[in-house]
Amino acid sequence: MTDIKRVLVANRGEIALRIIRACHEEGMAAVAVYSDVDRLSPHVRAADAAVALGPAAAAESYLDASKLLAAARSTGCQAVHPGYGFLSERAPFAEAVTEAGLVFVGPSAAAIRAMGDKTEARRRMQAAGVPIVPGTTRPLADHAQARPEAARLGYPVLLKAVAGGGGKGMRLVQAEGELESAFEAAQSEAQKAFGAGEVYLEKYLERPRHIEIQVLADSFGRVVALGERECSIQRRHQKLIEEAPSLAVTPALRRRLSDAATAAAGAVGYLSAGTIEFLLAPSGEFFFLEMNTRLQVEHPVTELVYGVDIVREQLRVASGQPLRVHAGTLQPRGHAIECRITAEDPFNDFLPVTGIVQHLRVPGGPGVRWDAGFETGNEVTLHYDSLIAKLIAWGETRVVALERMRRALRELVIVGLPTSQPFHLRVMDDPEFQRGDVDITYLDRAGTRLLSVEARPDLTRPLAIVAALLAEERRSAVVPEQPAARPPDRVSAWLLAARREALGA
Amino acid sequence: MKYFVTIGAQTIEVEVDGERVLVGGEAVDVHLAPLAGTPLYHLLLGAESWTVAAQPLEEDGRWAMGAVGERVEVTVRDERTRETAALTTAAPGGAAPAVVRAPMPGLVVRVEVADGQRVDAGAGLVVVEAMKMENELRAPRAGMVQTVHVAVGQAVEKGMPLVTLGSPEPQSPQVSAS
C-alpha cells in the first residue's frame, strides 16, 4: 500500500479537470501543470497547486518528462497521472516516474511497451488465443516482401505502422499496382510521426464496426471487463460519437468479447484502466485491433452504464487497494452516448478554428454530463487538439438517451467560434443512426447528406428580426450627440427596455 | 428603416419603424431584451419564446447567431448599403476574383496548384497544417488561379490570402465586389 496524498496531473484540458475531480473525491490533493497559454485554464484553477511548464509548444511543456518530474518533486506528490495523449503511452516516461520513487497511475512500462509495438501485440494476442485481424505479425522489410503476403491475404489490404495509432502511417491498398508507392508513403509517414518507419500488413475488412472493451485490473490479480463501447462514428480515424452498449452486441457476444479482452490484458500483466479495441465484422466475427494502455476520451459512457468511476478506481489501484467494482455479474444499465464538441467547423470540411469562448451555457437537467476543458473567457488555440468538451447523456433506453442528447445539444450555447455542435444535432436526427445502422464508413456515406441539411426553417424569422433590431440599435447609437435630431417618439419601446436592462437598472 | 437580412439562401425584409416591426410588410408583435453581461437576447415573437446568441463578426453587418443548438451566419443590410452594394457588384456572368484565405494560423505543407491553372469548384488548392491535422483548402468555385500567395514551408496567419482565383476564362478587368 502506498499512501497517496498528492497527485501530479500531467495533462491539460478536460481530462486534467476530470482527474483533479477524482482526486478530490478520493480525498487526495491535485497538482496541475500548465503551459503559458493555459495559465487560466479550468484545470489550473481547480487544482490545489499549479506549476508552470513553459512555452505553449507541447515538446517544451506537456511532453517534457524532466519538467513534469521536477514539478512532482517540488510539490511533494507521491503519484503521477498521465491522462491520455502526451506521455501516457510512452514506456520511458512510466519508467522515469517509477525510478523517481513515484507511483505511475497506469500499467507497467513493460505492458505499455508490449502493446505499443503493434506486431509484438499481435503475436502476444495470437499466443493468448485472442483472434487478430489476418495479416503479418512481423514488420516488413520492403514492398517486395509485402507483395506475396498481400496476395495471400487478398486485396484490399491495409499497410499499418508498427508504432502506429491515429491513422498515421496507414495506407489502404486496393490492388497490387498501388503497393509499392503506398508502402513508401506509409513508411515515410510513420517515420515522421513516430520516429520509426516499420510497417506491416492487415487484411482490409469491409464495413466493420469499431467495438472496444474497457478493462480494469488491480494488483491482486483481478481483471474485470466493463462491457463494450460502440465507436464506429469516426472521421479520419478520429472518434466523434461513442455509445455504450452497442446495438450489435448481444449478451453472448459481450461475454466472448469480455473473455478475449481479459485474456489480452492478462497476457501482458495489465494493471489499471485499459481498452482493447476490436473490429466486429458484419458476420459477427471479431478481431483484436490494438490495446490502448491508458484512460480513454470516451470512458464516461462506460461509467454511466456500469455505475463505476473509472478514474477513482485507477487511483485506488495505484495506492495498492483492490478494485471497488463488485464481484457479481456486471451488466450495463440503460444507454449512454457521448458527443465530442470540438473547435471545428463542420460546414467547412471540419477545419479547426480558434477563438475565445465569449459565452458558454452548459446544458443541465436529468441524465446530462458535461466534461469540459474550457469555460467562458478561455481561448481555443492551435497548440493542442481541438476537443472543447464532451457532452454525455444517459437514458433508460437508447431512444431516451438520444432524445436527451438532442435536448441537451439544443440547450448548449457556445459563442465565439463555430463548433461541431450542429453536426451532432443532425446525426441525432438521422434515421440510419437512429436505427443503429452504423459502421466505420458511416460518415463517409452519410456526412454529405447530413451536412446539407439546413438549420431549422422556423429559425429564419426570429433570427432575421433579432438581426434587424440589433442593426437598428447600432444605427441609432451613432447619432446620440444631437438628441433633438431624434424625436422621442422615434425611440422604440424595446430599445429603451434593452438599454435599461443593459445598464443593470 | 428597412433591413434586408440574408440567412442561407433566403433574404427577409424587416422594417423597424419606431415601435413597429414589419416582416415582409406585415406587422409583428415583438419584444427583445438583452441578458445583461452576455451576448444573449430573449425574443418574444407573439407568444413564441426564443433565446438567441448574437456575436458581431469582423465584417460590417455580419453576425454569427445561435439558437436551439444551431449556428447561422447572418448578413444585415439596410436600404442604403444595399443600394451601394448593388452598384459595386460585378456584372452577372463575370465572376469577381475570389481570395481563399487561411482560416487559421498554421504551416503550408503543400501547394497543389500553380498560377494560371484552371480549377473546378472543390479542387484542392493549398494544404495547411494546424492542430496536428492537415487541412486542405478548396476552391469555392471554378476559376483560373490568378496568384498563389504562399509557398511550402511558410507560416501563415489567420486571414492571410493563400490563392486568388480569377474568372474561369481570361477577360478584361472588371469592377470587384466590396
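Labels below follow one simple rule: chain letters A, B, ... track the order of the sequence lines, proteins then strands, and each chain is numbered from 1.
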Participant: What option among A:Thr419, A:Val415, A:Leu412, A:Asp345 has the most heavy-atom pairs under 4.5 Å with chain B?
Facilitator: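 With the most close heavy-atom pairs to chain B, the winner is A:Val415.
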Participant: Please confirm whether the ring centroid of A:Phe350 lies under 6.0 Å from the ring centroid of A:Phe423.
Facilitator: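 A:Phe350 vs A:Phe423: aromatic centres under 6.0 Å.
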Participant: Name the region of B:Leu40, side chain, backbone, both or neither, that has any atom closer than 4.5 Å to a heavy atom of chain A.
Facilitator: side chain
Participant: Of the backbone (N, CA, C, O) and the side chain (C-beta and beyond), which part of A:Thr376 lies under 4.5 Å from a heavy atom of chain B, both, or neither?
Facilitator: neither
Participant: Identify which part of B:Val72 has an atom lying under 4.5 Å from any heavy atom of chain A, answering side chain, backbone, both or neither.
Facilitator: side chain
Participant: With a 4.5 angstrom heavy-atom cut-off, is it the side chain or the backbone of B:Ala64 that approaches chain A, or both, or neither?
Facilitator: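 For B:Ala64, neither part sits under 4.5 Å from chain A.
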Participant: Please state whether the side chain, the backbone, both or neither of A:Leu409 comes within less than 4.5 Å of a heavy atom of chain B.
Facilitator: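 Backbone only.
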Participant: Given a strict heavy-atom distance threshold of 4.5 Å, which part of A:Arg406 is in contact with chain B: side chain, backbone, both, or neither?
Facilitator: neither
Participant: Is A:Val353 close to chain B through its backbone or its side chain, or both, or neither, when contacts mean heavy atoms under 4.5 Å?
Facilitator: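 For A:Val353, the backbone is the part near chain B, not the side chain.
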Participant: Of the listed residues (A:Glu454, A:Arg407, A:Arg426), which shares the most heavy-atom pairs with chain B below a 4.5 Å separation?
Facilitator: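 Maximum pair count with chain B is reached by A:Arg426.
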Participant: Identify which part of A:Leu417 has an atom lying under 4.5 Å from any heavy atom of chain B, answering side chain, backbone, both or neither.
Facilitator: backbone
Participant: Ignoring hydrogens and angles, tell me if any N or O in the side chain of A:Glu411 forms a donor-acceptor pair with the backbone of A:Gly364 under 3.5 Å.
Facilitator: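 Checking the backbone N and O of A:Gly364 against the side chain of A:Glu411, a donor-acceptor pair under 3.5 Å is found.
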Participant: Of all of A:Thr381, A:Leu351, A:Ile414, which one pairs up most often with chain B through heavy atoms under 4.5 Å apart?
Facilitator: A:Leu351
Participant: Taking only Lys NZ, Arg NE, NH1 and NH2, and the carboxylate oxygens of Asp or Glu, determine whether B:Glu70 and A:Arg456 approach each other closer than 4.0 Å.
Facilitator: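 Salt bridge: no.
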Participant: Determine, for B:Arg77 against B:Glu79, whether the closest basic-nitrogen to carboxylate-oxygen distance falls under 4.0 angstrom.
Facilitator: no
Participant: Checking B:Thr11 against B:Thr6 for the side-chain hydrogen bond (donor to acceptor under 3.5 Å, both in side chains) test, could you report, in this order, the C-alpha distance in whole Å, the side-chain angles of both residues, the deciding distance, and whether it holds?
Facilitator: CA-CA 4 Å; B:Thr11 296; B:Thr6 306; 3.1 Å; yes
Participant: Tell me whether A:Arg475 is salt-bridged to A:Glu472, with the criterion being a basic N under 4.0 Å from an acidic carboxylate O.
Facilitator: yes
Participant: Verify the neighbour count for atom CG of B:Asp60: are there more than 12 heavy atoms of other residues, nucleotides or ligands below 6.0 Å?
Facilitator: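 Check fails, neighbour count at 12 or below.
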Participant: Please determine, among A:Leu463, A:Leu425, A:Thr354, the option with the most heavy-atom pairs under 4.5 Å with chain B.
Facilitator: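 The answer is A:Leu463.
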Participant: Charged N to carboxylate O under 4.0 angstrom, A:Arg171 versus A:Glu189?
Facilitator: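 Salt bridge between A:Arg171 and A:Glu189, a charged N being under 4.0 Å from a carboxylate O: yes.
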